[in-house]
There are 2 protein chains.
Amino acid sequence: MSETAEEFASLLKVLANPVRLKILALCLNKERTSKELRKKLRLSKPLLIAHVRKLTSAGFLSCRAEVVKGRVVKYYRTERFEVCCGEEILKDILEELEDSEK
Amino acid sequence: MSETAEEFASLLKVLANPVRLKILALCLNKERTSKELRKKLRLSKPLLIAHVRKLTSAGFLSCRAEVVKGRVVKYYRTERFEVCCGEEILKDILEELEDSEK
DNA sequence: TCCTTAGGTAAACTTTCTTTTACCCACTAT
DNA sequence: ATAGTGGGTAAAAGAAAGTTTACCTAAGGA
């Protein structure tokens, strides 16, 4: 039971959101702080945290914490990745479907 | 106002669903009828129609209608496509964000 | 002391997506 | 006539996302 379709769909789901794409774009090749991201994208604190969590759990974004004058400051950076949806993955899904038919 | 992030996210959203990925997998290099899809994926009629509509509107799936003994039968086939999310598109989104800052 | 800032959580609300139920039409076969 | 099939819609129920409001901790500076 590899659940290819479900797994791949949930990976795509993480990317299928404009706010998250913008966060990844801003943190591309450049570390950004939460404050910076919140200001540029006009996001509330809990909202940024929620989006950032999905991105880091999926491995698209990395986080580094640093203590600046007693306060913890977090820096985000986009990881190198490339997710493609095309014939290749569809063939895997098809195989799985044919297998599950026994 | 190109709205790259929004547009790209909605394209990904169409693919970010296991049922739709399975439909695309089944129709890869092989025409399938609605009946076949419904049976293999255990979908109700309105549900298959809803998923298929999203796929065809986005251009991932094509539909051909044929009249067999007075009844209209529809055949679906997956179009050749490749949607990738990586540095390239993120750079476009970043540019857009920087432009909108004026 | 009190206010501010950085990080965070929990609960509630809203919106969007997925899925089901109940119907409709047209044509075929019994 | 009526039961069955293929395509379809509309409405509503259910589930999952996205977003807000209110609140908590800990440390720094006025």
Q) Does any N or O donor sit under 3.5 Å from an N or O acceptor when you compare the side chain of B:Lys74 with the base of D:dG6? A) no
Q.
Is it true that, when you exclude A:Glu88 itself, more than 12 heavy atoms of the residues, nucleotides or ligands shown sit nearer than 6.0 Å to its CD?
A. no
**Q.** Whichever of B:Tyr76 and A:Leu47 has its nearest DNA chain D nucleotide further upstream toward 5'
**A.** B:Tyr76
Q.
Could you check whether the side chain of B:Lys35 and the base of D:dG6 have a donor-acceptor pair of N or O atoms closer than 3.5 Å, going by distance alone?
A. no
Q. If you check every side-chain atom of A:Arg71, which of C:dA10, C:dA22, D:dG28 has the closest atom?
A. D:dG28
Q: Figure out the CG/P separation between B:Leu12 and D:dA17, and round it to whole Å.
A: 15 Å
Q) Of all the nucleotides listed (D:dT9, C:dC17, C:dT18), which has the minimum atom distance to the side chain of B:Arg20? A) C:dT18
(Q) Quick test of your reading of the model: are B:Lys22 and A:Glu6 salt-bridged, counting only N-O distances below 4.0 Å? (A) yes
**Q.** Value in whole Å for how far the P atom of C:dT16 lies from CD of B:Glu6
**A.** 13 Å
**Q.** Salt-bridge criterion met for A:Lys91 and A:Glu87 (N-O under 4.0 Å)
**A.** yes
Q | NZ or CZ of B:Arg32 within 45° of B:Tyr76 ring axis and under 6.0 Å | A | no
Q) Whole-Å distance between C:dC24 P and B:Ile49 CD1? A) 16 Å
Q: Find the distance between OG1 (A:Thr4) and CG (B:Leu21) and round it off to the nearest 0.5 Å.
A: 10.0 Å
Q. Once you round it to whole Å, what is the distance between P of D:dT19 and CZ of A:Arg42?
A. 14 Å
Q.
How many whole angstroms separate atom CG of B:Leu15 from atom C1' of C:dC17?
A. 15 Å
**Q.** Proximity to the side chain of A:Lys69 - top-ranked nucleotide from D:dA17, D:dT19, D:dG29
**A.** D:dG29
Q: Name the residue closer to the 5' end of DNA chain C, choosing between B:Lys54 and A:Val73 according to the nucleotide with the nearest heavy atom.
A: A:Val73
Q: Specify the residue among A:Ser34 and A:Lys13 whose closest nucleotide of DNA chain C lies further upstream toward the 5′ end.
A: A:Ser34
Q) In whole angstrom, what separates A:Leu55's CG from D:dG18's P? A) 10 Å
Q | Distance below 4.0 Å between B:Arg53 side-chain N/O and D:dG7 OP1 or OP2 | A | no
Q. Rounded to the nearest Å, what distance is computed from the CZ atom of residue A:Arg32 to the P atom of nucleotide C:dA6?
A. 17 Å
(Q) Side chain of A:Pro46, heavy atoms from C-beta onward: which of C:dT18, D:dT20, D:dG18 has the nearest atom to it? (A) D:dT20
Q. Can a side chain N or O of A:Ser44 be found less than 4.0 Å away from OP1 or OP2 on D:dT20?
A. yes
Q | Residue-phosphate contact under 4.0 Å: B:His51 side-chain N/O, C:dC17 OP1/OP2 | A | no
Q.
So, OP1 or OP2 of C:dT18: does either fall under 4.0 Å of a side-chain N or O from B:Asn17?
A. yes
Q) Think B:Lys45 has a side-chain N or O under 4.0 angstrom from the OP1 or OP2 of D:dT9? A) no
Q: Starting at atom CZ of A:Arg38, determine the distance to atom P of C:dG8, rounded to an integer number of angstrom.
A: 11 Å
Q: For the pair B:Arg38 and B:Glu36, find out whether any cationic side-chain nitrogen is under 4.0 Å from an anionic carboxylate oxygen.
A: no
